[in-house]
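Data first, discussion second: the structure below is written as structure tokens.
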Amino acid sequence: MNNKQNYKWEKMTMATCYYPEHWKKELWAEDLDRMLDVGITVIRIAEFAWNKVEPEEGRFEFEFFDRFLNLCEQKGMKVIFGTPTAAPPAWLTEKYPEVLNATKDGILYRHGGRKHYNYNAPIYQELSARIVEKEAEHYGKHLAIVGWQIDNELNCETNEFYSAADSIAFRLFLKEKYGTLEALNEAWGTIFWNQTYTDWEEIYVPRTTLNMGINPHQHLDYYRFLSDSTLKYCSMQAEIIKKYKKSGDYIMTNGMFWNVDNHRMEKDCLDVYTYDSYPSFAFGLDRNPKVADDLNDRKWTMHLNEVRSICPHFGIMEQQSGANGWTTRMEGPAPRPGQLTLWAMQSVAQGADFISFFRWRTCTVGSEIYWHGILDYDNRDNRKLAEVKEFYQKFKSIDAVCGAKNMAAFALIKDYDNEWDTEVDVWHRRVAEKSEKEIFIASELYHTPYDIVYLQEDSELSDLTEYPAAIYPHPVIMDERRARLLREYVEQGGVLVIGCRSGYKDMNGRCVMMPQPGFLQQITGSDVRDFTFESPAEDSVWAKLQGYKEKEIIEMPIFNDILEPLDGTEVLAVYGNSYYAGKAAVTEKKLGNGKAIHFGSTFSRNNLNWMFEYLGVKEPFANVIDAPDTLEIVMREKEAKHYLFVLNFKAHDVEFTLRKKARLIYTGEEAEGKQKLSAFETAVYEIIDNF
């Protein structure tokens, strides 16, 4: 199965992140009352408070959070309690420096930041398990608590680990995977550059090498090892909490970071998944949004699509409410009036039924004094607090949308082996990152939404069959099992599209001595006889469509597979220039009830305009709304009712046309025909006419 969740919110729920240890106790009751007054009914606490429970090794104190949780129960405020392992205390790192993470050169990260530990030091695993056990045992039955957060943003700050403990654990990981050094040497191709290993102790996590020439097959296994380490650490905490939590309370973690199989984490460790959404990074002072071609803050929809693939009805544990920044980095402007609501509703549109704003009040001490919350240092009511209250009214008005399914026109297929291979292989990265970015942008500009479907060990045909078309941009790594699943999808009626650079590596990242696209060739009916990057010395490569829109030209950027169609395969486009002018650029093969398209290049918003039309998936809601590409259009469906989200990311008015009668849920008013959204405004409609 592609995803799983054991907990779903039954109604739209608004929350915030709160740190009682940062504030005088005299403020607590007033803060809770003010939160409840604007609609906040849940708070997250304690994820950085190890010292408040274990101020010295082995000495545990519970009075502080007892007092606060009892106040929450008295006020009717619900609590998500965070385990504190994201920032080990000074007494721990001073006594046990082996818990610290290190740079690739072996230099330890020192105490004073956060996320400076490694997952594999046995003493850190032991002390982490003990603090989680003590907290869960003591607080697990408290009536104020409704959920538990594991750590904070696993693999944030850094997603690579180079401590001595990691090398030891890496060897154990490899022994379990390969069994013998002979098998490992074969898988890694260590005959190259005299890398053959004769003792397990010779193997380390990647270290600094001349020109960063790390063995790519070792490097790929290293990323798999990082994921495995992260999941084991998360699972350890989850299993402890399960022993003590109340029935109905959920376990989650927050953020979505790199070098970890988030889908496995959700299925193996969690009840529900939450993400931390900060679209204002798009306007950071380190970039120029006026010339950016990535849609700026609208780009966070791409991340939210990814979250929905992990957990269809997810939560946002940290939703931007103020300017972000540390004293050392990430300077940025405050959200403009309306953007707080816009960004929160962006999350809701993509599947979030729980919105928690970060944070209640801006901290007055520490590295994050510029990571602004709803309230500012002065603690006075302000425009952000007023906007949170206004957002809550809109949020609660769409309670009926809670649990609704997002409607998608096609599937974007991904897998972790190829994701991690992009970290190892710059050739792969150049085409893969461009295509993923452009597929998202095209889906936004042409109002053609997609779901992301990850191929995993337990993937089933049903994960794919609900989509009429699926794009698997550049599956460099491929095996027979995945190819078989894709073939079944096509044979039962699906349309599969692959891009260039497909199917030429095995699961260890070794190039296979097969005609490209390898195991996919029997599906695509295409043979890659030559291939090349575009030459910067030549004009940009283009192709001319054949038969369908014969006069139309599409761009074929970055990399080109030069194709030969096999028997029964049709040529849809031929290259128009370079030394392969006249050769096949796009082919199509019918197979069973479906067909497979080999697109011999990188995807772009230009060529996807044609591709979406050809696949018959472009603008699936055009009968409901006519909107310019400056608006984001999302449709969610539940119990035969359809809910249309229209989001304006521009700082000016934008007009659109409703082609069917609808009800603006915020106000209950009926609407049809010409409509207008002001700067950063949102609207959610229930479609009244037949969809």
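Here the structure is a predicted model, which is why all the values come from computation and not from measurement.
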Query raised in the report: Does Tyr117 reach the side chain of Leu100, with side-chain heavy atoms less than 4.5 Å apart?
Result: no
Requested in this report: Verify, without hydrogens or angle tests, whether Asn406 (side chain) and Ala349 (backbone) share a donor-acceptor contact under 3.5 angstrom.
Outcome: yes
Requested in this report: For the pair Glu47 and Arg44, find out whether any cationic side-chain nitrogen is under 4.0 Å from an anionic carboxylate oxygen.
Outcome: yes
Query - Salt-bridge criterion met for Glu54 and Arg130 (N-O under 4.0 Å) - result: yes
Query raised in the report: Between the side chains of Gln149 and Asn152, is a donor N or O closer than 3.5 angstrom to an acceptor N or O?
Result: yes
Query raised in the report: Side-chain contact, heavy-atom cut-off 4.5 Å: Met35 with Ile43?
Result: yes
**Report entry** Lys/Arg N to Asp/Glu carboxylate O, Arg359 vs Glu318, below 4.0 Å
**Finding:** no
Query raised in the report: With a cut-off of 6.0 Å (strictly less than), are more than 12 heavy atoms of other residues, nucleotides or ligands near NZ of Lys243?
Result: yes
Query raised in the report: Do Glu423 and Arg224 sit within salt-bridge range, that is, some charged N less than 4.0 Å from a carboxylate O?
Result: no
**Report entry** N/O donor-acceptor pair under 3.5 Å between Asp166 side chain and Ser163 backbone
**Finding:** yes
Query - Residue pairs fulfilling ring pair (Phe, Tyr, Trp, His ring centres under 6.0 Å) with at least one residue in residues 382-401, sequence neighbours excluded - result: Phe357-Phe391, Phe391-Phe395
**Report entry** Trp343 to Ser280 - nearest heavy-atom pair and separation
**Finding:** CH2-CB, 3.6 Å
Query raised in the report: Do Glu160 and Tyr223 get their side chains close enough for a donor-acceptor pair, meaning under 3.5 Å?
Result: yes
Query raised in the report: Sub-3.5 Å donor-acceptor pair from the side chain of Asn155 to the main-chain atoms of Phe257, do we have one?
Result: no
Report task. Give a yes or no answer on whether the side chain of Asn259 reaches the backbone of Asn159 with a donor-acceptor pair at less than 3.5 Å. Result -> yes
**Report entry** Trp23, CH2: over 12 other non-hydrogen atoms inside 6.0 angstrom
**Finding:** yes
Query - Between Lys267 and Gln5, a side-chain donor and acceptor under 3.5 Å - result: no
Query raised in the report: Is Asp33 reaching over with its side chain to a backbone N or O of Glu30, donor-acceptor style, under 3.5 angstrom?
Result: no
Requested in this report: Identify which one of Trp9, Trp148, Tyr273 satisfies the ring-ring contact (aromatic ring centres under 6.0 Å, His included) criterion when paired with Tyr250.
Outcome: Trp9
Report summary line: Which of Asn118, Thr85, Asp228, Ile150 passes side chain to side chain contact (heavy atoms under 4.5 Å, CB included) with Tyr233? Answer is Thr85
Query raised in the report: Is any side-chain heavy atom of Asp31 closer than 4.5 Å to a side-chain heavy atom of Arg361?
Result: yes
Query raised in the report: So with a 6.0 Å cut-off around CZ of Arg59, is the heavy-atom count from everything else above 12?
Result: yes
Query raised in the report: Do the side chain of Lys384 and the main chain of Pro335 share a donor and acceptor less than 3.5 angstrom apart?
Result: no
Query raised in the report: Is a salt bridge present between Lys405 and Glu637, judged by a nitrogen-to-oxygen distance below 4.0 Å?
Result: no
Report task. Evaluate the ring planes of Phe170 and Phe173, with Trp represented by its six-membered ring, and classify them as parallel (under 30°), tilted (30 to 60°) or perpendicular (over 60°). Result -> parallel
Query - Heavy-atom closest pair, residues Trp300 and Ser277 - result: CD1-OG, 3.5 Å
Report task. Take Phe81 and Phe65, measure what ring-ring contact (aromatic ring centres under 6.0 Å, His included) needs, and give me the verdict at the end. Result -> CA-CA 10 Å; Phe81 201 96; Phe65 284 114; 5.5 Å; yes
Requested in this report: Compare all side-chain heavy atoms of Arg34 with those of Leu375 and state whether any distance is below 4.5 angstrom.
Outcome: yes
